[in-house]
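Shown next, in structure tokens, is the structure this report addresses.
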Amino acid sequence: MRNQEIARIFYEIADFLEMEGVQFKPYAYEKAAITLETLKKDVAEIYKEGGKKALEGIPGVGKSIAEKIEEYLKTGKIKYYQDLKRKTPIKMEELTAVEGLGPKRAKVLYQKLGIRNLKDLERAARTHKIASLFGFDVKTEKNILEGIAFLKRSKGRFLLGEILPVVKEVYEKLKNLKEVKRVDPAGSVRRMKETIGDVDFLVITQPGGEEKIMDFFTSLPGIIKIWGKGTTKASVRMKEGFDMDIRVVPARSYGSALQYFTGSKEHNIATRKIAMDKGLKLSEYGLFRGPKMIVGKTEEEVYKTLGMQWVPPELRENQGEIEAALEGKLPKLIDYRDIKGDLHCHSKWDGGTNSIEEVVKTAQEMGYEYLGISDHTKFLRIEHGLDEKKLSEQRKEIEKLNSKLKNFKILQGAETNIMADGSIDIKDEALKKLDYVIAGIHSNFKMEKEKMTERIIKAMKNPNVDIISHPTGRILKRRDEYQIDFDKILRAAKETKTILEINSFPERLDLNDQNIRRAKEAGVKMIINTDAHHKDQLRYIEFGIAQARRGWVEKEDIINTKPLEKLLKFFK
Ligand SMILES: [Zn+2]
Ligand SMILES: [Zn+2]
């Protein structure tokens, strides 16, 4: 698939154009990039089948962008992009990855200080060259250094949302080989961690099938380097930058190998200790008493022999699951099929890619019973935020669509903005008319702890606000949580009966696992939403559910596992 490569170039073009102060065009490129990222079909294939006309048929791709895609598919280059880069030779992606540093500021830094990349930027910030520039100050300099430190910490980790689609594709291919008897991804992918280092596959082969599997694995599309290839093990680097290993394991050891390679390290240390206390030895080869192997074929029998319940991979972090499994008290986790509808979706009304009707169609395909449209409101003007009048126009469209639907209901919500003083950017009378109201922070992220906490609590006290979206504001690999007193937030949520969101967007996953667990323990209800800006992003729900499971959540804790009538009772 060339889709991701081209999307990345379009994002960069958008940044370069924004830097030049060009109007509207950056938005068009960004929109095309989002579409390409979520497109299931390979653009190369679309082009092969229908030429440039077919490319123009992709939503969000106009004539000029279709030409660029064609050029890239034919020559591997886009001249327009090359020219932009030549004009301002900076590493745009690297620089704008620093929180708070947009294309326009990057340009100033290049023009005044010749900063081209992250290294230049760090040096300039450390030697205090930035603070004296017009439009910058000591605080920006400090923020830049913090941003760089944050980037360094998350280097070498990949978002689950980037990796999982690749893993699933490889898994399907391996599963369909006749030489493969069984295959599983292990490691942090199986535990559905929010970021992933590398990927391990375990395989049981048919007799004599090893060689075929090694050949197949090392010739997968997207491999840029083969680290090693033996008879039962191989290791490769994918073009996305992460490594994948495969190992063939004997059937009698498969369970213990799967347990071992799934991890985490902390969980494994604890299980090995339990084995030792019983006079046994647990390794990737099996559970042994002296030289004799007792069990090893399945994970279930390994855990059972240790006197434990089988532990769902998402819980294997040695955060209390060992003790619970020994006592037979593991939670009954929410299932990946328990969600009945998504209440945080954007539509064309605020600049999202799809019409309400299109998003609804996907929701129906996913087996949902309801869907809530929650477009941005007026404060977010770049995202075409809706005002009171537009909201009531949207209401009419939703009512019309609802009158045609059977066994499905569209709800009208809105993702309003919590202003710096805690007020909401839409009038109460208009909020009252919505089925539910989401409020979120989209500005002034760097407030001091007490003020930020008060700001959110004030929003919760608004009698119309039902849900707080992405409550801690973190962006993985980019921005830390904002400063809040989470215990205070939990207490206020409980008092005001406000629902906290688990946002499934791969970069957000906010609340995180620890906070989810705290919310559950405090008796605060949560909702798992996707924040989809494109209909296909409704499928991100899987990541949010995984996160909820990692936070020990049960079906009861999540309001959108309920049928519509019961769901509505949770709203003020
Ligand atoms: Zn938001
Ligand atoms: Zn949103």
Side-chain angles (χ1 to χ4, degrees), residues 27 30-31 34 37-38 99 161 339 341-356 359 362-363 371-387 390-391 394 410-420 422-426 431 434-447 452 455-456 459-460 462 465-476 478-482 484 489 498-512 515 526-541 543-544 547 560:
Y27 182 67
E30 207 179 307
K31 207 162 153 182
I34 294 177
E37 265 183 337
T38 44
E99 173 61 14
I339 296 297
D342 192 334
L343 293 198
H344 188 165
C345 311
H346 297 271
S347 77
K348 238 181 189 160
W349 280 81
D350 76 358
T353 335
N354 298 106
S355 66
I356 296 178
V359 190
T362 305
L371 182 80
I373 299 295
S374 60
D375 280 322
H376 287 294
T377 50
K378 61 187 175 190
F379 174 73
L380 282 189
R381 248 167 284 142
I382 332 163
E383 304 226 25
H384 304 276
L386 311 187
D387 58 12
K390 281 263 188 244
L391 280 170
Q394 190 189 46
I410 311 168
L411 299 173
Q412 190 194 22
E415 187 183 17
T416 62
N417 297 291
I418 305 176
M419 308 308 287
S423 65
I424 302 295
D425 66 335
I426 291 286
L431 293 179
L434 301 170
D435 294 310
Y436 65 97
V437 175
I438 300 179
I441 286 182
H442 300 103
S443 61
N444 297 71
F445 303 114
K446 295 216 178 237
M447 278 167 75
M452 192 58 126
R455 177 180 177 187
I456 299 173
M460 289 191 204
N462 181 309
V465 169
D466 301 296
I467 298 166
I468 301 294
S469 57
H470 38 76
T472 71
R474 71 159 178 180
I475 306 282
L476 284 166
R478 187 170 183 135
R479 175 169 93 204
D480 254 326
E481 301 176 351
Y482 22 76
I484 46 170
I489 299 275
T498 308
I499 315 291
L500 297 186
E501 179 180 74
I502 299 173
N503 189 298
S504 309
F505 219 79
E507 285 86 355
R508 287 198 183 268
L509 295 175
D510 178 9
L511 303 171
N512 70 13
N515 286 337
M526 288 167 276
I527 183 165
I528 306 176
N529 286 328
T530 60
D531 205 349
H533 284 65
H534 182 288
K535 63 184 167 62
D536 290 342
Q537 292 174 342
L538 287 179
R539 314 258 173 205
Y540 287 168
I541 198 79
F543 306 128
Q547 190 81 345
N560 53 338

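When a ligand or atom number is given, it counts from 1 through the structure's own listing order.
Of all N/O/S atoms in D531, OD1 sits nearest the Zn ion (ligand 2). For H470, the N/O/S atom at the shortest distance from the Zn ion (ligand 1) is named NE2.
Rounding to the nearest 0.5 Å gives a distance of 6.0 Å between CD1 of I484 and OG1 of T472. Between atom NE2 of residue H533 and atom CD of residue E30 there is a gap of 10.0 Å, rounded to the nearest 0.5 Å.
Under 2.8 Å from the Zn ion (ligand 1) lies no N/O/S atom of H344, from backbone or side chain alike. Note on E415: counted as a metal contact of the Zn ion (ligand 1), an N/O/S atom lying under 2.8 Å. With a cut-off of 2.8 Å, the Zn ion (ligand 2) has an N, O or S atom of H346 in range. At least one N, O or S atom of H442 sits under 2.8 Å from the Zn ion (ligand 1).
Between I467 and T498, the closest side-chain pair of non-hydrogen atoms is not below 4.5 Å. Using a 4.5 Å heavy-atom threshold, the side chains of T530 and Q537 count as separate.
Seen from the ring of Y482, R474 does not count as a face-on cation partner, given the 6.0 Å and 45° thresholds.
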